[in-house]
Q: 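This is the structure I want to talk about, given as structure tokens.
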Amino acid sequence: MITFDKVTKKYDGQIGIEDVSIDIEKGEFVFLVGPSGAGKSTFIKLILKEIDADSGSIFVDGQKVTELLSREIPFYRRKVGMIFQDFRLLPKKTVFENVAFAMEVVHKSKAQIKRQVPRILASVGIEDKADKYPDELSAGEQQRVAIARAIINNPTVLIADEPTGNLDPETAKDIMQLLDQINARGTTIVMVTHAKDIVDRMHKRVIAIEGGHVVSDKTGQYQYYKTIGGLRIHESDIL
Amino acid sequence: MKAIFYNIKQAFRQIGRNRGMSTASIFSITAMLLILGLFFIITVNLNLFTEVVKADYDLVEVYVEDDASQMTINKDIEDLKALDEVESITFRTKDEALKIMKKRWGESGYLLDSLGENPLPSSLLISIKNVDDAEAVIDKANALPGIESVKYYKETVEKLTKATNFLQTGSLIVMAFLVLVSIIVVSNTVKLTVFARSKEIEIMKYIGATNWFIRGPFLTEGIIIGLFAALVSSGLITLIYSKVVDIIGTDVVAILSSPLVPTDYLAGNLLIIFLALGISIGACGSIVSMRKFLDK
């Protein structure tokens, strides 16, 4: 579903990611972990084609992202849902309108919007909040709206950038459950996170990036290496 | 169709929210267009004036004394025709001269009816092969019997043409400059809207909105601003111009022997030009203001 083939991206000589090759299968749930500045955002921006790779190729859902023309990018992005740590809802629109907006953008009809939005709100468990504004909702509910907006156009991939970063542990758990459900319905999910407890509990594939390189790619635990005095030492060896 | 309504609704909402700046930019573009219109009017009238003058004064005009006999005149014509420099000669009688003047004065032509006697002389209209030889012909004509005076304005006309061309180029440069300034004014106004909605734009891009979908409302906003300015300024100019034509058009200008360009002709063209200008200024302004935002 997502393939990075020897991808390198540098910013003014500084490494974003270097010579990274990753294969993510359709329907997988993958955690992307690593310290800040390790290259996680670069990875996401490359998938969304917000930035261009210096070398290597990226494929998403059979499309060669690295060779997309700029006019093709919007249509490509409709296949990639995106949720964020800060939700990014429009404060002056209701929950319904926020989700409907995503359908208006891709020119869906009013009838389709009226039919689809309540259905998707129900599936993320906030059907009773349709007429509320984002600031009337709890953080967890806001993230549910964001998830509804991200999946309403049936993306094949969902990218989650620290989706639980602003949530308390209980709410985070609920959101993870929701993401797991979405994944179970066939959507490939890539989630960037720092939350070790969540990663360990979910027991999914974990890709660890550090200094622009993939340092670990295993199923199960949060693999976190630290570079100390030129040596890469696994976290568990220190703690 | 739905998309157009969506854009117009969004644009009006935005203009409403941003009332102060929108009004300010409508006013400044109106002001630009007014100045532009002034240049336009001057240019158009100058063109007409030059054309009229050119048609009139292309020839050497030899006025014949009223009491000169037909024989003297015929003799003069023969003498002039004999010159190598002369291409052709037409004789214009006193009556013809009056008729021409009446026609030119148009509505005020009746004023000439009250003249007891036709004061205009008859004349010989000489066209010359080569402009440089004019002096020789003029000297010769002056020396002939029965000639009152000789008028030749070719050089003046050429100077006038040169001055007009210079003025035209000048106004064109000024106009281009004004258009540029207007584009910057609109782009700054629309930029405020763009900033106010930058979050929305970012989300739209993540959701997969095309650049034209995102641009739509902003483009419409700029176009509406330009449209308003065009309507206001062409309305104002037409009003002022028609007043000016009313006051001086028929009297003073007729005596200067060149008519003003009629109001309705000018107004129609001005409206079309201003609408086109206003809309393109508005559209360019918004596209410029969004360029950075839509890079990626």
Side-chain angles (χ1 to χ4, degrees), chain A residues 44-52 60 63 68-84 86-93 97-113 134 145-146 148-161, chain B residues 1-22 189-222 224 283-284 286-296:
Chain A
I44 288 183
K45 283 180 178 162
L46 283 169
I47 290 182
L48 290 171
K49 196 147 170 93
E50 272 184 70
I51 53 175
D52 295 318
V60 174
Q63 229 170 340
L68 281 177
L69 302 173
S70 53
R71 65 180 155 80
E72 295 170 330
I73 293 174
F75 302 94
Y76 160 70
R77 284 192 185 145
R78 293 173 192 184
K79 298 202 292 189
V80 183
M82 186 75 211
I83 58 175
F84 307 89
D86 56 357
F87 321 133
R88 303 206 186 165
L89 301 174
L90 296 169
K92 283 178 184 158
K93 287 187 193 284
E97 287 165 348
N98 261 288
V99 178
F101 184 59
M103 295 185 78
E104 284 168 16
V105 160
V106 297
H107 306 289
K108 292 279 165 63
S109 73
K110 267 223 164 68
Q112 271 176 304
I113 291 172
V145 179
R149 183 182 63 194
I151 60 171
I152 191 142
N153 292 325
N154 290 315
T156 48
V157 179
L158 181 63
I159 310 283
D161 190 0
Chain B
M1 205 57 208
K2 210 180 74 190
I4 293 172
F5 280 128
Y6 166 83
N7 285 341
I8 293 175
K9 208 176 76 188
Q10 293 281 321
F12 269 109
R13 193 181 292 167
Q14 219 37 69
I15 289 171
R17 236 175 248 170
N18 216 345
R19 218 167 296 137
M21 267 315 279
S22 302
T189 308
V190 176
K191 214 177 262 171
L192 284 185
T193 320
V194 174
F195 276 131
R197 293 177 62 186
S198 58
K199 214 178 148 187
E200 203 172 327
I201 292 173
E202 199 188 351
I203 292 167
M204 286 167 106
K205 277 161 68 182
Y206 278 125
I207 297 171
T210 56
N211 279 353
W212 280 109
F213 181 89
I214 298 172
R215 239 181 239 136
F218 301 101
L219 199 63
T220 316
E221 183 186 346
I224 289 172
C284 287
S286 3
I287 287 175
V288 167
S289 75
M290 299 204 69
R291 217 175 27 194
K292 272 199 192 122
F293 266 88
L294 293 180
D295 263 359
K296 267 292 161 184

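These numbers come from a predicted model, not from an experiment. Residue numbers begin at 1 in each chain, while the letters A, B, ... track the order of the sequences.
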Q: Side chain, backbone, both or neither: which part of A:Tyr76 has an atom under 4.5 Å from a heavy atom of chain B?
A: neither
Q: Please give me the minimum heavy-atom distance between A:Arg78 and B:Ala209, naming the atom from each residue.
A: NH2-CA, 4.4 Å
Q: Using heavy-atom distances under 4.5 Å, tell me whether A:Ile152 contacts chain B through its side chain, its backbone, both, or neither.
A: neither
Q: CG/A:Leu48 to NZ/B:Lys205 distance, rounded to the nearest 0.5 angstrom?
A: 11.0 Å
Q: Give, for atom CZ of A:Arg77 and atom CE of B:Met204, the distance between the pair rounded to the nearest 0.5 Å.
A: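 Answer for the CZ-CE pair, A:Arg77 versus B:Met204, is 13.0 Å.
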Q: Other residues, nucleotides and ligands only: do more than 12 of their heavy atoms fall within 6.0 Å of NZ on B:Lys199?
A: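 Yes, enclosed.
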Q: Can you confirm whether more than 12 heavy atoms, excluding those of A:Lys45, are under 6.0 Å from its NZ atom?
A: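 Atom NZ in A:Lys45 is not crowded, with 12 or fewer foreign heavy atoms closer than 6.0 Å.
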Q: Contact part of A:Arg71 toward chain B, heavy-atom cut-off under 4.5 Å: side chain, backbone, both or neither?
A: neither
Q: Step by step, work out the side chain to side chain contact (heavy atoms under 4.5 Å, CB included) result for A:Phe75 and B:Thr210.
A: CA-CA 8 Å; A:Phe75 302 94; B:Thr210 56; 3.5 Å; yes
Q: To check you understand the geometry: which heavy-atom pair defines the closest contact between B:Ile203 and A:Arg88, and what is its length?
A: CD1-O, 2.8 Å
Q: B:Phe213 versus chain A, heavy atoms under 4.5 Å apart: side chain, backbone, both or neither?
A: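 Contact with chain A is through the side chain of B:Phe213 alone.
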Q: Do you know which two heavy atoms are closest between B:Ile207 and A:Arg149, and how far apart they sit?
A: CD1-CD, 4.0 Å
